[in-house]
Each structure stands twice: as C-alpha cells, then as structure tokens.
Amino acid sequence: LYAILNEAAKFFQANFEKDTTAKKYAEERGLTLKIVNFFRIGSSIDSWDSLYKHLISLSFQTSDIEKAGLIIKKEEGASHYDRFRKRLMFPIWDQTGRVIAFGARSLDGLPAGQAGSNPKYINSPDSPVYNKGSVLYGLNFSKDDIKAKNQVYIIEGYMDFIRCYAHGIKNIVASSGTSLTNTQIKLLQRYTNNIVLVFDSDAAGATASERSIEALGEMGIFPKVVSLEGGKDPDEILRKEGIEKMKALLDSAAPSMKYKLEAVIKRHNIKEAEGKAKAAGEAAAVLSKEKNQIIKDEYIKFVSNRLGISSENFLSEIKRASYYKGATKQTRATVNKPDSKILKAESTLLRIWMEAPVMRQRVMREVKEDDFSDRSSKTVFTFFSGLGVSEEERSYGKVIDMIADNGGKKLLSQIALDKHDIMDVDNTLKDCVTVLKSNAIRSKISAVRHLMKEAEEAKDLERLNSLQSEYLKYHGQILAL
C-alpha cells in the first residue's frame, strides 16, 4: 500500500505541472514552486479514472488500490472510479515520512454549499495504513525541532502548517481540523509535554480547543492556548501581517484556564451589572470543575479583578455552581430513559450531521453535549464534535467502525437504517434543537427545585431567594423557545 500511495503522490505532482487551475490557485495562496515541491503538493484532474488506469499500468492490483482509499467501487457493476477529482492534493505522511493518505482541496471555484459545489476539503478514508485520529500532519518534518525546543504548536490545517513551516516556525504539527485524540497526544509525548494550541477563532476552532484541553488535562498535561481574533488563521495572518505578528501571537499564549475564563468574560458586556452577573456565573461553572486548589485560588483572584467584584461574592457563585452540578447529577440519576420524542429528536440531529454535511457547523453551534439526555446519543455527538465540521462526505460504515463505544455503534447503526427522507432539513433541525433545549432547561428546573427544597429545610433565605430567581429565569427561557 505504501508503494501505491507513493506512486499516487508522484502522479498528482506530475499533474500539477500541467494543471493551470491548480497552479493559479497555488499562486493566489502564495505557494511558491519551492514550497510546492518540498511538500509534494499535486493535483487530481477532472477525470473519472486517470489515476486508477495509471496504477493498473504499473501492475498494482485493484483490491490494493481500493484498500489504499484511492478508488471507489461503483454501486452497479464491478468497475471503479477515482476518489479525488479536480482537487489540490496534499500528501499525508506518517512520522517516518511514508505517504499514507491524502488531503484534498476543491478546485471547482464554487462557494461551499452552492448547488453543484463539492465539499471544500476531503480526506482519504481510514485504511490499513491510515487512521485520521492517529496521525499529526507534518510530524515527519517537525519532530526534531519539537524535541530540540521542547515545545510544540498545534494548528488546524495543512495550509497553516505549510505557511508556518515555510516561515521558519518548525516546531509545529496540524491536527487536520479536529480536536486531539489520546493516540495523538501519546505520539506527541515522545517529543514534548509542552503543548500550545493555536486553533482558529471560529466556532469549530473554539470547540476543537475545548475538546483538546479536556483530553490533554485527562493525561496530566496543562496546555497553553493562543487566541486568534477576527476569524483569522495562521495562514492568513502570515500572508497579510507577516512573521513578526505571528511570533507575537505565539508569544502571547496563555494557560488554558485563563483562556477559557477570558472567553467567558468576552461573551458579556461586563460594564453592565447583568452582563457582569452572567459572566460571573459562567466563570464560576468553569472553575467549579477545577480540582487543584492553588490554581482555583489564583483564578478566583483573576476573575474577581477582571469583573470588579469581591472574591467572597465570586466564591459564593462557585459554591452555588458546585451545588447545582451535584444536584443535576442526582436528578439525572433518578430519571428514567428519555421519552420517545426526545430520543427521536436526538437521533434526527445526529442523522442530519451525517447526511447533510453543509449543516454540520450549524448543528455544533446550536446544540452542546449537555443538551443530550440519552447516553448513547451524547457519546455519538461527542465523537462527531471531535471530527470537526468539515463538509467531507462520511459513510455510516466507516464512522461506526471508528466509534469505540458499543452503545454508540448500535445507535448509529439504527440511524443508518432510517430510510425516511427528511423533506425540510432546515425546519427539522430547528424543531429538534427546540426539543433538546426545552428538555435540558426542564432538567435544570428540576435541579433547582431540589436545591430550593434543601434551602427551605436549612432555612437559608438568601440562597432560597437566589434559587427562586434562577427558577423564574429558566421558566422564561422555556417560554422563549
């Protein structure tokens, strides 16, 4: 398979030499011939089987070419066609430098989501030599620099990596647009434990950062995070603002807890009392999960200073958040399996993510992990979050194989068997979100009722008044849906 994939890379490189569309795109993105040759960037032409015929002419077997993820068998008949057509091709290597897969950027010139357009980026499927969650793009080039500097910057895309590496930032790898997996973290630990996340500032990037911070924390690593404002990515910053600006941003990396708390504070207008109260509540929820008391104490001071409130008041918010979290768990433990309406809404949302790639970003923006009440649905949604929001077509079979949890596998298998057409995806998505949000809020109301009962029994009038205000707030949210 390695020989087949290497020959495919050579074929794509040869195509690039005579592909005016690919050359024009590369020029517009500032990819010099030196960069193109170093990273073996190529192109797949607008042909159904040019690569397939070329590899067959070299005496490779059809079954092996298919295993390498380069061709797809037609639904009818025994013939095959090329997986990649009319795309800029980026070879993906393992850490030893062998080509194991390809990332491909559409060259159809149409905006993503427009009728007739192809997904902007697609990857090779998993194969005997490639698993997306086990590979870090560019590690074969950067591993020595990472080890020498005892630090690694993790970015999202191929272009980000290529641009940074070409500008001399070489202790770097790309996660290919997803949050880090345990396998990738263990791979990095061979070279360093000092990790800096440099994900895009859009919704997908923020989600990838949060997931990666959690995954790293579970393995005892406390990463730093670089905040890229204005929806920019490293590629754009380097092209438009230069290397000094990028270096300044990398030098500004903040501890992950500070990054999370700053993100919470920036979401609210803290010049107003209401915005300040909301920011304090959300920051308290973040800090209530921190187990290290020294870290917690330092950030209590940090948030109190940023919001201009007393440490005592903010500590009260943290205690309330901790009580609420415990009550929510207790309430959920006594609740039976969600009713059929909620289960249907959850499975339909997951089906939309699978079958309507253009809706993925919206799904991830409008619902969160805690909105799901069924354990298997939550497991699948969490897995989807890790895959990111690219519009790459994904088959049920391949995704089911990638999910480790048996309950998640069973649920997604059941969803795959649903052959009823979703006639209006937009409104169906809205309805499902409403059902999930309503159920999540009702769970919070139940938790608050439990806490109100505790406060009444303890004759804690101050806490009871606060909880009554929260109870009314959630009722207002239900009515607003």
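A quick note: this is a predicted structure, and the numbers were derived from the prediction, not measured. The basis for the numbers below is simple: all heavy atoms, side chains too, and nothing from hydrogens, waters or symmetry mates.
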- Approximate separation, where rounding is to 0.5 Å, of I195 CD1 and K224 NZ: 13.0 Å

- Task: Compare every heavy atom of Q95 with every heavy atom of L139, then report the nearest pair and how far apart it is.
- Result: CD2-CB, 4.0 Å

- Query: Should E7 and K10 count as an ion pair when the cut-off is N to O under 4.0 Å?
  - Reply: yes

- Would you kindly say whether E346 and S373 are connected by a side-chain donor-acceptor distance under 3.5 Å? yes

- Query: Does E290 use its side chain to pair, donor to acceptor, with the backbone of L287 at less than 3.5 Å?
  - Reply: no

- Task: Taking all non-hydrogen atoms of both residues into account, name the closest pair between P234 and I155 and its distance.
- Result: CG-CG2, 4.0 Å

- Query: Is it true that a side-chain atom of D94 and a backbone atom of G97 form a donor plus acceptor pair closer than 3.5 Å?
  - Reply: yes

- Query: Taking the six-membered ring for Trp, are Y165 and F161 parallel (under 30°), tilted (30 to 60°) or perpendicular (over 60°)?
  - Reply: parallel

- Query: Name the one of K23, E28, E27, R29 that satisfies side chain to side chain donor-acceptor pair (under 3.5 Å) with Y25?
  - Reply: R29

- For the residue pair I185 and M219, establish whether any side-chain heavy-atom pair is separated by less than 4.5 Å. yes

- Message: Within this structure, what is the OG-NZ distance for the pair S43 and K86, rounded to the nearest 0.5 Å?
- Response: 11.5 Å

- Quick one: does K170's side chain have a donor or acceptor within less than 3.5 Å of a partner on A166's backbone? no

- Message: Is there a side-chain contact between R105 and M89 in this structure, where contact means two heavy atoms from C-beta onward sitting under 4.5 Å apart?
- Response: no

- Message: Using 0.5 Å steps for rounding, measure from the CD1 atom of I72 to the CH2 atom of W48.
- Response: 9.0 Å

- Item | Close side-chain approach of P223 and I213, heavy atoms under 4.5 Å | yes

- Message: Does atom NZ (K409) have a neighbourhood of more than 12 heavy atoms from anything else shown, all under 6.0 Å?
- Response: yes

- Flag the pair L228 / V226 as yes when at least one side-chain heavy-atom distance between them is below 4.5 Å, and no otherwise. yes

- Item | Separation of D64 CG from S127 OG (nearest 0.5 Å) | 11.5 Å

- Message: Can you confirm if the NZ or CZ of R98 lies within 45° of the ring axis of W93 and under 6.0 Å from the centre of its six-membered ring?
- Response: no

- Query: side chain to side chain contact (heavy atoms under 4.5 Å, CB included) between Y158 and I92: does it pass, once the steps are laid out?
  - Reply: CA-CA 9 Å; Y158 316 123; I92 298 171; 3.7 Å; yes

- Task: Taking only Lys NZ, Arg NE, NH1 and NH2, and the carboxylate oxygens of Asp or Glu, determine whether R163 and D235 approach each other closer than 4.0 Å.
- Result: yes

- Task: Apply the test ring pair (Phe, Tyr, Trp, His ring centres under 6.0 Å) to residues F141 and F38: give CA-CA distance (whole Å), side-chain angles for both, the deciding distance (0.1 Å), then the verdict.
- Result: CA-CA 10 Å; F141 296 115; F38 184 84; 5.1 Å; yes

- Task: Give a yes or no answer on whether the side chain of D49 reaches the backbone of Y52 with a donor-acceptor pair at less than 3.5 Å.
- Result: no

- Pairing of D426 and R362 as salt bridge, 4.0 angstrom limit: yes

- Task: In sequence, state the C-alpha distance, the side-chain angles, and the governing distance for L31 and I41, and then conclude on side chain to side chain contact (heavy atoms under 4.5 Å, CB included).
- Result: CA-CA 10 Å; L31 296 175; I41 297 170; 4.2 Å; yes

- Side chains of M257 and V286: does their closest heavy-atom pair fall under 4.5 Å? yes

- Query: Under 3.5 Å, side chain of N194 to main-chain N/O of N150, donor-acceptor pair present?
  - Reply: yes

- Is there side-chain contact between F383 and V399, with at least one heavy-atom pair below 4.5 Å? yes

- For the residue pair I35 and G30, what are the closest heavy atoms and their distance? CD1-O, 4.2 Å

- Item | Close side-chain approach of S79 and K74, heavy atoms under 4.5 Å | yes

- Task: May I ask you to check whether R40 and N6 show a side-chain donor-acceptor distance below 3.5 Å?
- Result: yes

- Query: Can L51 and F84 be said to form a side chain to side chain contact (heavy atoms under 4.5 Å, CB included), step by step?
  - Reply: CA-CA 9 Å; L51 174 63; F84 303 109; 5.7 Å; no

- Task: Check for a donor-acceptor pair, side chain of D431 on one end and backbone N or O of T428 on the other, with a separation under 3.5 Å.
- Result: no

- Message: Whether K437 and D371 form a salt bridge (side-chain N of Lys/Arg under 4.0 Å from carboxylate O of Asp/Glu) is what I want to check.
- Response: yes

- Please confirm whether the backbone N or O of K398 pairs with a side-chain atom of S395, one donor and one acceptor, at under 3.5 Å? yes

- Verdict with supporting geometry, F102 and F12, ring pair (Phe, Tyr, Trp, His ring centres under 6.0 Å): CA-CA 10 Å; F102 292 92; F12 293 140; 5.1 Å; yes

- Message: Looking at every non-hydrogen atom in both residues, tell me the closest pair between C432 and L349 and how far apart they are.
- Response: CB-CG, 3.7 Å

- To the nearest 0.5 Å, atom CD1 of I154 lies from atom CG of N171 at 11.0 Å

- Query: Just by modelled atom types, is the S175 backbone N or O under 3.5 Å from a matching donor or acceptor in the E156 side chain?
  - Reply: no

- Taking C-beta and beyond as the side chain, do V435 and N439 meet within less than 4.5 Å on heavy atoms? no

- Could you tell me whether K67 atom NZ has more than 12 heavy atoms of other residues or ligands within 6.0 Å of it? no

- Item | Main-chain N/O of F372 paired with S377 side-chain donor or acceptor, under 3.5 Å | no

- Query: For the residue pair A26 and F16, what are the closest heavy atoms and their distance?
  - Reply: CB-CZ, 3.9 Å

- Which atoms form the tightest heavy-atom contact between Q151 and T192, and what is the distance? N-OG1, 3.4 Å

- Message: Using only atom types and a distance under 3.5 Å, with no angle test, would you say the side chain of D82 pairs donor to acceptor with the backbone of S50?
- Response: yes

- NZ of K132 to OH of Y137: how many Å apart, nearest 0.5 Å? 13.5 Å

